[in-house]
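The first residue in the sequence is number 1, and the count goes up from there. We count ligands from 1, going down the list as the structure has it; atoms in each ligand are counted the same way.
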Amino acid sequence: MRALPDGFLLGAATSAFQIEGLGPGRGETIWDRFLAARGGDDGRVACDHVTRWREDLDLMAELGVDAYRFSVSWARVLPEGTGRVSAEGLGFYDRLVDGLLERGIRPWLTLYHWDLPQALEDRGGWRTRDAVGWFADYTAVLADALGDRVDVWLTQNEPWVAATLGHREGEFAPGGTDVTESLTVAHHLLLGHGIAARLLADDAPAGRVGVAPDVRPGFPATDRPEDVDAARHFDGFRNRWYLHPILGLGYPEDVAAEYLERGVFDAAEGDGVVREGDLALIAAPIDVLGVNYYTTLPVDAARREDDAPERPEGRDQPPGYTEMGWAIRPEGLRDLLLDLGDLVADSPVGRAGGPRGPVRLAVTENGASWSDGPGPDGRVRDARRTRYVHDHVDAVLAAREAGAPVDAHLVWSLLDNLEWTQGFAQRFGLVHVDFATGTRTVKDSGRWLAAVLAERRLVPPGDPERD
Ligand code: IFM
C-alpha cells in the first residue's frame, strides 16, 4: 500500500461553466448560446455553485483535499469580454480563494476552460489573433486581483478540445466545422498560453504557472504498418501538436508536413496565421505541465484523426469501461507520466525551468463517469469509482517512484456537474448532486478519498471498516 509522499498533493477539480450557474451579472458565453440552440440541459443553474460555494468549500474541507482546481468564468469577470470589470464577479473569486486558503486548501486556478464570452465570439472569437490580446488583458485583471494568493495558474484547459471539437467537429461550442479554422484557433490558444504565462511570471509572484492539455495516448491496434503509422499520426494530431510547441520543440514536423500537403494549414513562421517569433512566444517558461488523462485509444488506419471512444457512451457498459465509453487503463497514465518526464527533460522549456523552479508534472484531471445515485439509506455506493481513483493514483505514485517528476493528482470531479453536450447524464463527482434540489451527498468514493487524505496512504478500496 503506497503512502502519499511528502509534498504530493491530492485534490479535486471543476470548471466554472459546469458547476456555477448563471448568477448575477455574468455575461453570456458561447456555451450558453450553443446549448440553447441544441435544447436540453444547460448551464443556467448547473450545481448553483455561485450560490452554494461556501457549502462546497466546507465539503472540500470535509474531504480534506490538499488542492482545488477551479476555473474562472471570463464572462463573470468581464461581462463583455473586454473593458468593464464586474466588481461583483471578481469579488466572487476573491472570496472563493480566501475561503480555500482559510480551509488550508491550495487554489489552482484555470483561466480558460472553454467558456468564451459570447461578445468576443461575435468579434471573431479565437479565430482572430485579437483573441490573444483579449486573453492577455483578462489574465492581467486576475493576476492583479489574485496574484498574491493563487498557488498554481493554468492558462488553457484542453486546447485540443476547444480547437477540434469546437471548431472542426461542430460538437462543442461555438460549433465550427472547418479544419483550417480549428488549427488557427489552436495556434491562438497556444499563443494565449505563452503570453499569459509570461505575464503571470511577473505579475503573480505567489503562484506557479502552467497549462493543462489533455493527453490521449494512442497505440497501434495491430502491428500492421498502416496502423503503426496511424498511431504515430494520431499522437501528433492529438497530443504532440500542443505539447511540443509548449515545451519549445515547435510544431511536430511530420504532422505539419501532412497539413501543408493537404492544404489545410501552414505551420511555418511567416506572414500567415503563424507569424515570425510566435513559436518562441508559445514556449514560455512554465513551472507545471498539467495533464488531463482519462483513457488510451487503439488506433487503426481508419481513425488517424478520430478520437471517438471505444464504445458508445451510455449506462450499458461492460466491465472495464466508464459510461463515457472510455476504457479504464491506469497503466496508460503511468507510462504517459514517464514519457512526459523524458519529454520535459529533453525540451528547451524543461531544461530552462520555470519562473519558480524546475518544471514538474501534475495530473490536473482524471476521473470516471458512472451514474450511481443514493440508495434507500441515502448512501451512494460507487465502488467502481473508488477502484478507478485508487488505481490511477497508484499508477501516478508508481510513475513517480520510477522517476517521473509528478507531484499532484486532481480528481475530476469534486461534484457531479454539467458534462457539456451530454448534460447531467454523465456523473463524474466524488459528491453526488441532486440537480432538482441542489442537495449534495458525499459518495463512498469521496469518503474513501477522505480516509486516504487523513492517513496519507492509499488505503485499499472496499476496506470493510469503511463500508
Ligand atoms: O468534464 C470534462 C472537463 O470539462 C474537461 N476534461 C474532461 C472532462 C470529462 O469529460
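E419 meets the side-chain hydrogen bond (donor to acceptor under 3.5 Å, both in side chains) test with no other residue; sequence neighbours excluded. Taking D98 as the reference, R149 meet the side-chain hydrogen bond (donor to acceptor under 3.5 Å, both in side chains) condition, with sequence neighbours excluded.
When the shell of 6.0 Å around CZ of R2 is examined, it contains more than 12 heavy atoms from other residues, nucleotides or ligands.
Salt bridge status for D151 with R106: present, with a side-chain N to carboxylate O gap under 4.0 Å.
Ring planes of F172 and W420: tilted class, angle from 30 to 60°.
Residue pairs satisfying the side chain to side chain donor-acceptor pair (under 3.5 Å) criterion with at least one member in residues 128-143, sequence neighbours excluded, are listed as follows: R129-D278.
For ligand 1, the protein residues placed under 4.0 Å by at least one non-hydrogen atom are Q18, H113, W114, E158, Y294, M324, W326, E365, W412, E419, W420, F428.
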